[in-house]
Amino acid sequence: MTETVCDVLVVGAGPAGASAARQAAQAGASVLCVDRRHRVGEPVQCAEFVPLPMLPYTRGRGVLQQAIRGMHTLLPSGQGHQSPFPGLMIDRGAFDRALAARAVEAGAALWTGAHFQSWDGTCAGIWRDGTLHRIRSRLLIGADGPHSDAARLLGAPPQPCVQTRQYTVPLAKDYPDTDIFLADDYPGGYGWLFPKGRVANLGVGADRALARDLKAPLAALHQSMLDRGIVRSEILARTGGAIPVGGLRKLVWRNAVLVGDAAGLTHPITGAGIAAAVLSGECAGNATADWLGGRTNALADYAEEMHEQFGPSLARALSRRAALKSIWHTPRAREDSVMRSGWIAFDDYFKAPLAAVDA
Ligand SMILES: Cc1cc2nc3c(=O)[nH]c(=O)nc-3n(C[C@H](O)[C@H](O)[C@H](O)COP(=O)(O)OP(=O)(O)OC[C@H]3O[C@@H](n4cnc5c(N)ncnc54)[C@H](O)[C@@H]3O)c2cc1C
């Protein structure tokens, strides 16, 4: 057993953890960031789209893959809807590694292959290379994704998640837009085709309680894209993963905070969470440095800022999920108007009355 002392222990070196580690280290804190993965960002579990304002974060080598012009949404009737939705397709592994490299440049220590297992309020147990390391830290940042061990050890209940399954397939031709498929085949989620140069990420997400098998709907979506001459049959890579859809959790404890997916900041309708992970990580990193410097309100201010910045859009998305929950696997799920009220590309999404959502 070994013992290490630091100001801030960051669990998870994804976009949230790397951003938090960088900000805290830049402000002078001694930071240790641990990730159970042996290589940051691998395996990639992502459709790899970020909105255009994320451009400054995509400067790392090999990160930028393709510009996206807009979003094409296909409704159950087969009617399509084109909307401007500029963004960027990234190599998510390279993106995560670039963020982690910036954290290390700022002075944070990074341990990969390091599994965070326990936390008693001041001391963490990290399992690495067959050895248990005790890490004494003044503050803990939980940036360990949808099934956050940090959140569990702090006493937070598990958050609801949507399950996903994705293939990477060759594109038969250049593709400028992201495609979104709204249908009862993907209850509580949707299908997507996100082009990335010569390939595309083709995937489906759904509520596990309503759709246990994602293999068949993904195979059917792949076949329909093949029939339309958009993609080729080869499957280059397979991935998947959980997306939190419960909205904001408790964010702050006495000397601990949650960020990114661990904090429930992922959008419960679109599943987008990279931008929120980076922004929450930066904000939490700054707040922890302030807190270590004696500003006792800094962590509470972090929570307040997250609620202000993300609260309204998360609340709307939760309301839309709640409204759609009762219509899946009923004839209403085949009505375009119903799907329109539940998807961000349509005015109806922003205009329809908000449903009450259980906290
Ligand atoms: C299939 C799929 C497609 C998606 N597509 C998009 C998209 O196109 N655009 C978008 O914006 N969002 C997308 N998302 C969501 C996005 O990936 C997440 O919101 C984002 O990764 C959140 O970043 P994070 O740093 O909070 O968590 P993560 O990226 O999940 O990072 C958490 C890190 O913590 C580590 N970890 C976990 N537990 C421990 C432990 N006990 N000890 C040590 N380390 C631990 C993990 O290894 C991981 O590296 C998608 C998600 C999925 C599953």
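These numbers were taken from a predicted model, which means no experiment stands behind them. The residues of the chain are indexed from 1 along the displayed sequence.
- In the hydrophobic cluster analysis, where Ile, Leu, Val, Met, Phe, Trp and Tyr join through side-chain heavy atoms closer than 4.5 angstrom, Val169 is grouped together with Leu226.
- The pair Asp301-Arg295 meets the salt-bridge criterion, with a side-chain N (NZ, NE, NH1 or NH2) lying under 4.0 Å from an Asp/Glu carboxylate O.
- The number of heavy-atom neighbours closer than 6.0 Å to CZ of Arg69, taken from other residues, nucleotides and ligands shown, is above 12.
- Taking all atoms of both residues into account, the shortest heavy-atom contact from Val278 to Pro15 is CG2-CB, 3.8 Å.
- Taking hydrophobic clusters as Ile, Leu, Val, Met, Phe, Trp and Tyr residues chained together by side-chain heavy-atom distances below 4.5 Å, Val63 shares a cluster with Tyr57.
- Using a 4.0 Å cut-off between charged nitrogen and carboxylate oxygen, Arg92 and Glu48 do not count as a salt-bridge pair.
- Side-chain rings of Trp343 and Tyr190 approach one another, their centers coming within less than 6.0 Å.
- Among all heavy-atom pairs drawn from Pro56 and Arg59, the shortest one is O-CG, 3.4 Å.
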Are Ile230 and Tyr175 close enough, and set up right, to give a side-chain contact (heavy atoms from CB on, under 4.5 Å), and what steps lead you there?
CA-CA 8 Å; Ile230 293 171; Tyr175 216 73; 3.7 Å; yes
Please lay out, stage by stage, how Cys161 and Ile243 fare under the test side-chain contact (heavy atoms from CB on, under 4.5 Å).
CA-CA 5 Å; Cys161 288; Ile243 298 183; 6.0 Å; no
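- Put simply, the side chain of Leu99 does not reach to within 4.5 Å of the side chain of Arg22, judged on heavy atoms.
- Taking the side chain as every heavy atom from C-beta outward, Pro268 and Leu318 approach each other to under 4.5 Å.
- Within 6.0 Å of CZ on Arg128 lie more than 12 heavy atoms contributed by other residues, nucleotides or ligands.
- The side-chain tip of Arg320 points at the ring of Tyr349 from less than 6.0 angstrom away and within 45° of straight on.
- Here the side chain of Asp348 pairs no donor or acceptor atom with the backbone of Ser341 at under 3.5 angstrom.
- Atom CG in Leu74 sits 12.5 Å away from atom CE in Met339 (nearest 0.5 Å).
- Here the shortest heavy-atom pairing between Ser313 and His267 reads O-NE2, 4.1 Å.
- Distance check, rounded to the nearest 0.5 Å: CE of Met306 to OG of Ser280 gives 6.0 Å.
- Looking at heavy atoms from C-beta onward, Val199 lies in side-chain contact with Leu236 at the 4.5 angstrom threshold.
- Both Leu248 and Val252 are part of a single hydrophobic cluster, where members link through side-chain heavy atoms under 4.5 Å apart.
- No path of Ile, Leu, Val, Met, Phe, Trp and Tyr side chains, each step under 4.5 Å between heavy atoms, connects Leu110 with Val11, placing them in separate hydrophobic clusters.
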Applying side-chain contact (heavy atoms from CB on, under 4.5 Å) to Arg36 and Gln117, what does each step give before you reach the verdict?
CA-CA 10 Å; Arg36 66 183 174 195; Gln117 292 188 321; over 6 Å; no
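- To the nearest 0.5 Å, atom CD of residue Glu282 and atom CD of residue Gln26 are 9.0 Å apart.
- To the nearest 0.5 Å, the span separating CD1 on Ile141 from CG on Leu32 amounts to 11.5 Å.
- Rounded to the nearest 0.5 angstrom, Asp96 CG and Arg37 CZ are separated by 7.0 Å.
- Smallest separation of non-hydrogen atoms from Val40 and Thr112: CG2-CG2, 3.9 Å.
- In this structure, Gln66 CD and Arg198 CZ are separated by 12.0 Å, a value rounded to the nearest 0.5 Å.
- Between Arg97 and Glu42, at least one side-chain N (NZ, or NE/NH1/NH2) sits under 4.0 Å from a carboxylate O, which counts as a salt bridge.
- Between Phe49 and Phe85, the ring planes lie parallel to each other; the angle is under 30°, not in the 30° to 60° tilted range.
- Side-chain contact between Leu202 and Gln166: absent, with no pair of heavy atoms (C-beta onward) separated by less than 4.5 Å.
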Step by step, work out the side-chain contact (heavy atoms from CB on, under 4.5 Å) result for Thr73 and Phe181.
CA-CA 6 Å; Thr73 307; Phe181 306 94; over 6 Å; no
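- Between Trp192 and Thr178, every side-chain heavy-atom pair lies at or beyond the 4.5 Å cut-off.
- For the pair Leu314/Leu265, a side-chain contact is recorded, criterion being any heavy-atom separation below 4.5 Å from C-beta on.
- The cluster map of Ile, Leu, Val, Met, Phe, Trp and Tyr, joined by side-chain heavy atoms under 4.5 Å apart, puts Met89 and Leu171 in different clusters.
- Within the 3.5 Å criterion, the main-chain N or O of Ala114 finds no donor-acceptor partner in the side chain of Trp127.
- Between Thr168 and Ile235, the closest side-chain pair of non-hydrogen atoms is not below 4.5 Å.
- Checked for salt-bridge contact, Arg152 and Asp149 meet the test: a charged N lies under 4.0 Å from a carboxylate O.
- For His133 and Trp111, the ring centers sit closer than 6.0 Å to each other.
- Nearest heavy atoms, Ala242 versus His147: CB-NE2, 3.4 Å.
- Surrounding CG of Asp213 are more than 12 heavy atoms belonging to other residues, nucleotides or ligands, all under 6.0 Å away.
- Heavy-atom minimum distance, Arg332 versus Val338: NH2-CG2, 3.2 Å.
- At a threshold of 4.5 Å between non-hydrogen side-chain atoms, the residues Arg321 and Ile269 count as touching.
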